[in-house]
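Take a look at the structure set out below.
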Amino acid sequence: MLKKLPFFLPLAGCRGQCVYCDQRAITGVRAVPSPADVREALRGLTGPREICYFGGSFCRFAPQLIKEYLDCVTEYAPAGSTVRFSTYPGDLRDDALRGLVKKYPVSRIELGIPTLDPAVLAACRREADPEKIFEDIKTLKADGLPIGVQMMIGLPGQDRESSLAGLRALAALKGADSWELRLYPCLVIEGTELCRMYERGEYRPLSVAEAALWGGEFIDEALEYGFVPIRIGLQETESLAAEVAAGPHHPALGELILAEASARRLARENPRGPWPVPRREMSRFTGHGRFGVKRLAAHAGLSEEEAARLVEFI
Ligand code: SF4
């Protein structure tokens, strides 16, 4: 896997602003780097990289500008470099634009699909037509473009079942393909519409514990369907820490979610134990007040001490 070189293009290309989003606050990047800025940053690099354009809707730029950003990868990055970008699901509906993108070494197109529930999409002020999203994904699949999905939990009006229904619908579409998955539990960022909803009492954010359990169930199912989770929770930055008004903001939220996912799987596969756990996953069970052991005990109907005795690190 190539080393990633991310460029954040905060809110660039976005038609509106989703209620929960402020990419400038999340990333700490205020100005959108131009293709000239990207070329400058690539100067003198050795060894191929995965150039990443994140933080906006990449394929909503004018085609000429998209081409300029993509040309940076093939003409200015070291040989063998690839490109990954995040965009809205419908942004590649246009045949000519897909034709352009396919000329480049695209390693992954990350589609923002926080939910497929029309009511939740509307509450988030996102385009609200799941059928169109399915059609758009089928088109990308037919063209052999590598897909990743960015999903969320804890959105306004969203419940556990609605998020899992969305995941299952995407899994059916995915089939045997290898799709990457990022899962972002919703945070309330200062200055966003969601923050105003929260202040008016119209939105209740998840607690850390709720996000860990919901996210764990979500990731457990996603793994069963063959998704490849590459990120859980927003990347911690100084800017993010300063801008979170409420919600499940915790430095180890991803680890707690993975602990819950592991506990669910172990208890399901072997309800009585013993449970072999790879040493690299040990902290899921021993860290954070033995969160993984506690969850394993809850799922298996045992005491914490009994569950702890049945976990074997291998
Ligand atoms: S969530 Fe994505 S589409 Fe919505 S405003 Fe943020 S970057 Fe733009």
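Whatever order the structure lists ligands and atoms in, that order sets their numbers, starting from 1.
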### Task
Using a strict 4.0 Å threshold on nitrogen-to-oxygen distance, state whether Asp177 and Lys174 make a salt bridge.
no
### Query
Does Gly55 come within less than 4.0 angstrom of ligand 1, counting non-hydrogen atoms of the residue?
yes
### salt bridge (Lys or Arg N to Asp or Glu O under 4.0 Å) against Glu161, all qualifying residues, sequence neighbours excluded
Arg168
### Message
Looking only at side-chain N and O atoms, does Asp71 offer a donor or acceptor that is under 3.5 Å from a partner on Tyr104?
### Response
yes
### Query
Is the closest side-chain donor-acceptor distance between Arg284 and Ser262 under 3.5 Å?
yes
### Query
Sorted by chain and residue number, which protein N/O/S atoms are under 2.8 Å from atom 8 (Fe) of ligand 1?
Cys14 SG
### Task
May I ask which of Arg126, Glu127, Gln150, Arg125 has a heavy atom nearer to atom 2 (Fe) of ligand 1 than the others do?
Arg126
### ring pair (Phe, Tyr, Trp, His ring centres under 6.0 Å) between Phe58 and Tyr53, intermediate numbers included
CA-CA 7 Å; Phe58 184 71; Tyr53 295 119; 5.0 Å; yes
Could you list the donor-acceptor pairs under 3.5 angstrom formed by side chains in residues 7-23, with sequence neighbours left out?
unit_1	atom_1	unit_2	atom_2	d
Arg15	NH1	Glu127	OE2	2.9
Gln17	NE2	Cys21	O	2.8
Tyr20	OH	Arg126	NH1	3.4
Asp22	OD1	Arg24	N	3.0
Asp22	OD1	Ala25	N	3.3

Using distance only, find each side-chain donor-acceptor pair of residues 244-251 under 3.5 Å and give its atom names and separation, not counting sequence neighbours.
unit_1	atom_1	unit_2	atom_2	d
His249	NE2	Glu236	OE1	2.8
His249	NE2	Glu236	OE2	3.1
His250	ND1	Ala252	N	2.9

